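None of the values given here were measured: they were computed from a predicted structure. Excluded from the calculations below are hydrogen atoms, water molecules and symmetry mates; all remaining heavy atoms, backbone and side chain alike, are included.
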Amino acid sequence: MTTAQMITADLVDLDLSAETKDAAARSLAQRMVALGRVTDLDGFLADVAAREAQMPTGLDGGIGIPHCRSAHVTEPTLGFGRAAHGIDFGAPDGPADLIFLIAAPAGADDAHLTILSSLARQLMDEDFKAALRAATDAEQAAALIRGDEEASQEAPAAPDRATEATEATEATAATAATEATAAATATATFKIVAVTSCPTGIAHTYMAAESLENTARDTDGVELVVETQGSAGFTRLDPAVIAGADGVIFAHDVPVREKERFAGKPTVDVGVKAGINRPAELIAEVREKAARGEITGPAGGGEISTPVDNSGEAGDGYGTKLRKWLMSGVSYMVPFVAAGGLLIALGFAIGGYEITDVKVQTLLNSFDWTSSTSWAALLFYTGQAAFAFLVPVLAGYIAYGMADRPGLVPGFVGGSIALTVNAGFLGGLAAGLIAGGVVMAIQKVRVPAVLRGIMPVVVIPLLSSIAVGFLMFVVIGKPIASLQSGLTDWLDSLSGANALLLGALLGLMMCFDLGGPLNKVAYAFAVGGLADPTDGSLKIMAAVMAAGMVPPLAMALATTLRGKLFTRSERENGKAAWVLGASFITEGAIPFAAADPLRVIPASMAGGAVTGALSMVFGCTLRAPHGGIFVVPLIGNPWLYLVAVAAGVCVSAALVVVLKGMRKEAPKGDGAAADTGASAPAATETKVPAAV
């Protein structure tokens with residue numbers, strides 16, 4: 001694949017008349033469809049919209065650069081549009097008049113992504129942008145983007161950086177020759193290493209790198225080297241270069257890989273767009289931090305960058321950070337819940353609930369290879385051992401999300417104490433937050449250099465464990481245990497209208513964000529009750545799993561009944577959704593929600609509420625935390641449970657069919673035109689929902 005093949009005059013529109021970013025993307029994408037480079041218009045636009053939802057793609061200087069990797073792209077392609085009136089792509093300085101649509105195949109190789117990244121670097125050149133704005137025909141614009149020699153000659157001449165560098169060197173040498181004393185006492189060059197990365201790793205990653213490099217080149221006394229962690233992978237900076245650096249800049253929206261390489265240096269940590277828009281400020285900030293002696297890393301004081309901080313965007317509020325800390329603990333807890341819960345459920349299925357009467361010592365001394373009771377007891381006690389880690393792991397990894405590895409020891413200790421004082425799941429949450437907070441406080445204390453080496457392995461675990469132990473045993477453990485006991489008694493007493501309302505609420509939470517934070521909160525609440533199961537907690541687990549199965553099953557049913565309302569790719573996703581929904585993988589409905597959230601999400605929530613309420617009213621119980629229909633034999637009142645799931649699926653499917661049927665236009669990329677490969681008419685436009 002050469003650059004010449006990526007963009008031709010047919011992919012250029014110098015009079016782009018679209019009013020919105022969605023319409024602009026559709027207009028340029030239709031040109032790609034006409035050339036056979038995009039196979040499914042709506043599927044591709046959904047991928048573009050999903051990328052746009054992660055972060056606006058507007059850049060300072062009048063640029064909009066929507067981009068994505070998509071399974072609907074056959075070869076790397078660039079589309080370019082010039083809009084005289086400007087289109088809002090979310091840039092701080094206003095609308096964009098230069099619109100680039102970058103389409104990369106899902107399996108694009110390194111060469112393809114290297115070509116795509118070259119455009120991102122070109123966009124940092126003012127002469128390049130001026131030439132595009134002055135281009136008089138599509139072929140000239142395409143040639144400029146390709147970097148054809150003839151077009152480059154017609155464009156305004158860019159500064160010769162090699163000449164500038166030579167002149168600067170000569171001037172410096174002359175100054176050094178005439179001012180020897182000043183040169184001898186001059187401050188050494190300030191060396192910076194930087195890492196840039198963005199969710200897609202195609203555009204912003206390389207634009208931020210180019211912006212930082214250009215600014216450093218024009219700043220006296222600064223030398224900067226960038227490691228771009230893009231989709232094509234990344235080439236690690238030489239360890240010697242990192243070791244010799246005076247400061248570090250992270251401009252990223254996804255976690256920096258192997259971040260520990262940069263520990264112990266003054267660090268500025270921002271989003272990738274800050275690297276593009278204000279590189280001079282970042283360079284100045286890291287120099288100021290170095291002058292103040294601020295360093296980052298587990299061995300020193302100053303600002304601590306944690307695993308959860310790295311997963312978000314700069315400037316997140318405490319509410320957002322709290323949610324991420326809790327989700328960090330839940331994500332590590334879930335595998336223990338799934339393994340332990342399923343093993344316990346299988347033990348009950350094979351040996352009955354009387355299996356708890358078998359003593360561990362009996363299992364050790366007289367295991368019978370031919371006895372189902374022995375095997376059931378083995379499964380039960382193995383699952384119970386895994387389940388015993390539920391609260392400590394939750395607490396430990398909440399603390400880890402807050403304070404990195406030094407938070408693990410006090411977090412696990414606090415979680416274990418929560419079990420000891422019968423504070424349960426709520427105690428684990430509190431212990432994790434307390435442990436993380438204590439470690440973060442200790443890390444802010446400046447210590448002599450000689451003690452820094454033992455801080456993370458001796459001092460921090462010792463002091464934080466003492467603090468957490470005191471707070472959990474003496475201060476908050478008993479009140480939380482009382483609250484946990486009261487909540488358990490209340491759940492056991494639920495019946496009638498109260499049970500119906502709780503089931504409906506849990507169903508709404510499970511289906512609102514389809515595997516997102518609210519879904520995980522409901523799920524964590526349910527599995528927390530399995531650590532010390534009661535009749536009420538088992539009913540809640542059943543309601544949560546039943547509601548979580550509804551969205552993908554409903555979308556699968558809707559695509560089967562009214563396929564014409566869905567695109568070809570959605571109908572294919574519908575086939576997989578049968579299996580995903582049956583397996584309790586709520587995320588199977590995400591492709592449908594991403595393409596049409598205003599219809600799919602409300603319909604899913606309605607069905608989930610119906611299923612959750614019915615499951616609670618029917619008194620269905622569940623000891624397994626996962627499994628979908630494959631653990632139906634382990635469910636109390638299994639036939640009524642299936643009725644509850646079926647009712648919710650029918651409600652959601654009917655609603656989504658009705659809502660989609662109210663649209664005046666059929667989905668693009670569907671029907672006969674899509675099947676024959678014909679492109680959609682350019683005059684017809686269905687906007688991708690802005691909410692995506």
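Nearest heavy atoms, L553 versus A582: CD2-N, 3.7 Å. Counting all heavy atoms, side chain and backbone alike, A467 lies closest to V438 at CB-CG1, 4.0 Å. Nearest approach of G619 to N637, heavy atoms of both residues: O-ND2, 3.3 Å. In terms of heavy atoms, A395 sits closest to G411 at CB-O, 3.3 Å. Considering every non-hydrogen atom in both M472 and G427, the closest pair reads CE-O, 3.9 Å. Minimum interatomic distance between G612 and A547 (heavy atoms only, all atoms of both residues): N-CB, 4.5 Å.
Proximity of a side-chain donor or acceptor of T611 to a complementary backbone N or O of A644 within less than 3.5 Å is detected. Side-chain atoms of S604 do not come within 3.5 Å of backbone N or O of P551 as any donor-acceptor pair. Checked by atom type and distance alone, the side chain of R571 never pairs as donor or acceptor with a backbone atom of T559 at under 3.5 Å. A donor-acceptor contact shorter than 3.5 Å links the side chain of S371 to the backbone of T373. The closest donor-acceptor contact from the side chain of N573 to the backbone of F592 lies at 3.5 Å or more, if one exists at all. Formation of a donor-acceptor pair under 3.5 Å by the R599 side chain with backbone atoms of V656 is not found in this model.
Here the CG-CG distance, from L500 to L505, works out to 11.5 Å after rounding to the nearest 0.5 Å. In this structure, CG on L408 lies 12.0 Å from CD1 on I398, to the nearest 0.5 angstrom. Rounded to the nearest 0.5 Å, atoms CG (L379) and OG (S374) are 11.0 Å apart. Atoms CG and CG, on D368 and L378 in that order, are 12.5 Å from each other to the nearest 0.5 Å. A distance of 4.5 Å separates OG1 in T586 from CE in M510, rounded to the nearest 0.5 Å. Atoms CD and CG, on E52 and L45 in that order, are 12.0 Å from each other to the nearest 0.5 Å.
Between F412 and Y397, the angle of the ring planes goes over 60°, which puts this pair in the perpendicular group of the 30/60° scheme.
Using a 4.5 Å cut-off on side-chain heavy atoms (C-beta onward), M605 and I601 make contact. For the pair S465/V409, a side-chain contact is recorded, criterion being any heavy-atom separation below 4.5 Å from C-beta on. T621 is listed as a side-chain neighbour of D535, based on a closest heavy-atom distance under 4.5 Å. A 4.5 Å side-chain heavy-atom check between L622 and M545 finds at least one atom pair inside the cut-off. Looking at heavy atoms from C-beta onward, I480 lies out of side-chain contact with L429 at the 4.5 angstrom threshold. Side chains of V439 and P410 form a contact here, defined as non-hydrogen atoms less than 4.5 Å apart. Within the 4.5 Å cutoff, side-chain heavy atoms of S615 are placed close to those of Y641. Here the side chains of F566 and K660 are in contact, with some heavy-atom distance below 4.5 Å.
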Candidate pair D40 and R568, rule salt bridge (charged side-chain N to carboxylate O under 4.0 Å, His left out), full reasoning: CA-CA 8 Å; D40 185 330; R568 183 193 309 168; 5.7 Å; no
Derivation of the side-chain contact (heavy atoms from CB on, under 4.5 Å) call for L502 and M616: CA-CA 8 Å; L502 178 61; M616 289 292 289; 4.1 Å; yes
Stepwise side-chain contact (heavy atoms from CB on, under 4.5 Å) check, I417 with V413: CA-CA 6 Å; I417 294 173; V413 169; 3.9 Å; yes
Derivation and outcome, side-chain contact (heavy atoms from CB on, under 4.5 Å), residues L390 and F336: CA-CA 6 Å; L390 191 157; F336 288 88; 5.6 Å; no
Verdict with reasoning, I635 to V632, per side-chain contact (heavy atoms from CB on, under 4.5 Å): CA-CA 5 Å; I635 295 173; V632 165; 4.2 Å; yes
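No option in Y381, F380, F367 other than F367 meets the ring-ring contact (aromatic ring centres under 6.0 Å, His included) test with W375.
Under 4.0 Å is where a charged nitrogen must lie from a carboxylate oxygen, and between R69 and D47 no such pair does.
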